[in-house]
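Worksheet: one structure, shown below.
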Amino acid sequence: MSSVRKCSRTGCLQPAVATLTYAYSDSTAVVGPLATASEPHSYDLCEEHALRLTAPKGWEVVRHEGSFGEPDHSDDELTALAEAVREAGRSDRPAPPPEPEGASGRRGHLRVLPDPIS
């Protein structure tokens, strides 16, 4: 049984035909053809919401030209860009290697403090 994905906008029950993905490092919103699978960091949109989407001031919207339809497996540049943005936003990438013994104990904004009892 095939499940039809719905628009991610609250209260919209229309079927999704496009996928919205943000490239935060480039301040870009990419609206492309519907992704083949639902991703946790992207949003499915119906045609109306895909065409009316606006971005915050200073951001760029890269939008699929033409009408949205059933997803196909085309090799056009916008689809490749949308897939690259989705891949970059995936959270299942391997974790960085642990710090070697004797390291400073500092990671980002957190510090490891010695036990006050010892």
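Bear in mind the structure is a predicted one, so any value in this text is a computation, not a measurement.
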What are the two closest heavy atoms between L34 and R5, and how far apart are they?
-> CD1-NH2, 3.2 Å

Rounded to the nearest 0.5 Å, how far does OG1 of T54 lie from NZ of K57?
-> 13.5 Å

Identify the two heavy atoms, one from V61 and one from A55, that lie closest to each other, and give their separation to 0.1 Å.
-> CG2-CB, 3.4 Å

Would you be so kind as to tabulate the donor-acceptor pairs closer than 3.5 Å made by side chains of residues 19-30, with sequence neighbours excluded?
residue : atom : partner : partner atom : Å
T19     : OG1  : A35     : N            : 2.8
T28     : OG1  : D26     : O            : 2.9

Which residues pass the side chain to side chain contact (heavy atoms under 4.5 Å, CB included) test with A50, sequence neighbours left out?
-> A18, V31, L45, F68

What distance separates C7 SG from H49 NE2, expressed to the nearest 0.5 Å?
-> 5.5 Å

Looking at CZ of R9 and CD of Q14, how far apart are the two atoms once the value is rounded to the nearest 0.5 Å?
-> 13.0 Å

Please name all residues satisfying salt bridge (Lys or Arg N to Asp or Glu O under 4.0 Å) with E48, sequence neighbours left out, ordered by chain then number.
-> R52

